[in-house]
Amino acid sequence: MKIGVIGGGSIGLLFTAYLSKSPHEVVLFVRREAQQQAIGTMGLTLKYGSSVYTCQPGVRLLSGADHNDIDVLIVAVKSYNIEQVMPEIGEKFSRTRSILFVQNGMQHLRVLPKLQMHSIYIGVVEHGALKESDHLISHTGLGQTKIAPYLDGHSGINWEKLSKENFPFTYQNDWYAMLSEKLHINAVINPLTAILKVTNGALLTNPYWVYLMKQLSKEACKVLNIKDHEAWKDLVTVCKNTSLNKSSMLRDIENNRKTEIDAINGFLLNSAQQKNIEVPNNRFVFQVIKGMEESMESRGNNG
Ligand code: PAF
């Protein structure tokens with residue numbers, strides 16, 4: 001089986017490195033030639049604690065010719081880049097039967113009906129990962145990838161069999177429940193860590209921040225219709241498991257990149273409006289992060 005991974009960011013590199021430990025051939029699709037060359041010449045290195053593993057996956061430019069030799073495709077780009085890669089997925093992966101999406105938030109759901117694949121899976125990634133360079137990925141928080149079928153055309157893929165030590169896949173039945181739970185986690189951890197500029201675990205060390213977490217959490221649970229007691233326990237577990245990790249949103253802000261706020265708290269605000277639910281704390285963090293993005297942009301434009 002040939003597995004393709006689209007996205008040379010932290011999650012794409014993490015998947016590529018771990019899946020390269022399987023007997024399957026893995027091909028990473030990137031946008032930049034510089035990254036293709038870096039991995040092509042130096043290999044892709046995965047660091048976890050004191051262990052270091054270097055592999056040599058195939059690396060191709062996504063913009064290259066047809067990729068119709070790929071059996072299974074994992075789409076690991078940021079949620080706001082999904083629309084950008086959709087035409088290439090539609091045109092160049094004509095023989096791919098199964099596809100897995102691992103974005104934060106829920107905005108990517110709207111592209112799924114456009115796909116031709118037999119089997120469509122949704123995943124949520126609970127690992128912490130830091131891209132140290134184009135060819136070096138650090139696994140900074142041990143978690144799991146939960147996978148649920150969105151459209152199960154019985155493609156025969158056993159995701160759990162692809163599990164590796166420290167990189168497990170687990171099946172879930174209900175993709176909506178699974179995504180809602182993850183959205184709740186991201187809606188609390190991501191904006192707070194990005195605004196306060198702290199690691200995930202630090203949120204739990206300060207009672208004022210825990211108060212803010214609880215407010216955001218309660219609102220998100222109401223909108224998503226999930227039980228707040230259990231959701232809170234899961235949230236605390238993720239904070240602890242990725243305690244030294246910086247959230248993806250904090251990293252985006254630190255690196256002057258666009259964040260996934262629209263797909264996370266923005267999605268919640270829209271759903272809350274449709275359901276007539278007040279979410280003042282989510283609105284507040286949404287405005288703060290949008291404002292941070294805006295000021296980054298204008299600083300960039302000025303010079
Ligand atoms: O977006 C992230 O950073 C991750 O989804 C999570 C689980 C919050 C860990 O940092």
Side-chain angles (χ1 to χ4, degrees), residues 7 9-15 18 48 74-82 100-108 122-132 137-148 166-170 172 175 178-205 209-210 212-214 216-217 220-221 224 226 231-255 257-268 282 285-286 289 292-293:
S10 58
I11 298 299
L13 294 184
L14 189 72
F15 270 73
Y18 274 105
Y48 174 63
I74 299 173
V75 185
V77 299
K78 293 273 190 181
S79 58
Y80 49 77
N81 282 329
I82 280 283
L100 165 67
F101 287 85
V102 292
Q103 284 61 41
N104 278 334
M106 289 214 191
Q107 257 185 349
H108 55 295
I122 313 265
V124 302
V125 180
E126 293 177 353
H127 295 279
L130 173 64
K131 176 179 167 181
E132 296 199 26
I137 181 72
S138 278
H139 192 179
T140 50
L142 215 66
Q144 59 177 331
T145 303
K146 294 180 179 166
I147 297 198
N166 300 331
F167 197 71
F169 289 96
T170 59
Q172 310 283 309
W175 64 266
M178 179 189 81
L179 273 194
S180 301
E181 281 155 24
K182 180 69 188 322
L183 181 66
H184 160 260
I185 288 169
N186 287 127
V188 178
I189 297 181
N190 293 31
L192 282 182
T193 50
I195 294 167
L196 299 167
K197 302 209 171 5
V198 295
T199 56
N200 297 351
L203 288 177
L204 296 174
T205 63
W209 298 343
V210 171
L212 291 175
M213 289 172 77
K214 286 203 165 136
L216 284 169
S217 168
C221 287
L224 296 167
I226 53 180
W232 176 256
K233 277 206 305 212
D234 291 346
L235 175 62
V236 170
T237 305
V238 172
C239 272
K240 286 183 180 162
N241 285 350
T242 60
S243 115
L244 298 177
N245 194 46
K246 290 182 178 179
S247 75
S248 53
M249 198 170 286
L250 172 55
R251 289 229 171 84
D252 287 338
I253 290 287
E254 284 180 345
N255 290 298
R257 289 191 300 248
K258 189 174 160 52
T259 73
E260 293 183 301
I261 194 76
D262 289 321
I264 301 173
N265 303 80
F267 181 90
L268 275 181
N282 275 276
V285 294
F286 177 81
I289 298 288
M292 288 165 104
E293 284 183 350

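Here the structure is a predicted model, which means the values were calculated and not measured. Side chains included, hydrogens not; waters and symmetry mates left out as well; all remaining heavy atoms used. As the structure lists them, so they are numbered: ligands from 1, and atoms in each ligand from 1.
- Using cut-offs of 30° and 60° for the angle between ring planes, the Tyr18 and His139 rings count as perpendicular.
- If you check the side chains of Asn190 and Ser247, you find no donor sitting under 3.5 Å from an acceptor.
- With values rounded to the nearest 0.5 angstrom, Ile289 atom CD1 is found 6.0 Å from Thr259 atom OG1.
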Close N/O pairs between ligand 1 and protein, under 3.5 Å:
| unit_1 | atom_1 | unit_2 | atom_2 | d |
| --- | --- | --- | --- | --- |
| ligand 1 | 1 (O) | Asn104 | ND2 | 3.1 |
| ligand 1 | 1 (O) | Asn186 | ND2 | 3.3 |
| ligand 1 | 1 (O) | Asn190 | ND2 | 3.0 |
| ligand 1 | 1 (O) | Ser248 | OG | 2.6 |
| ligand 1 | 3 (O) | Ser248 | N | 2.8 |
| ligand 1 | 3 (O) | Ser248 | OG | 3.4 |
| ligand 1 | 5 (O) | Lys182 | NZ | 3.0 |
| ligand 1 | 5 (O) | Asn186 | ND2 | 3.0 |
| ligand 1 | 10 (O) | Asn200 | ND2 | 2.9 |
| ligand 1 | 10 (O) | Asn245 | ND2 | 3.2 |

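- Residues forming a salt bridge (Lys or Arg N to Asp or Glu O under 4.0 Å) with Lys240 (at least two apart in sequence, or on another chain): none.
- For Leu203 against Leu192, the heavy-atom pair with the smallest separation is CD2-CB, 3.9 Å.
- The minimum heavy-atom distance linking Glu293 with Ile261 is given by the pair OE2-CG2, 3.9 Å.
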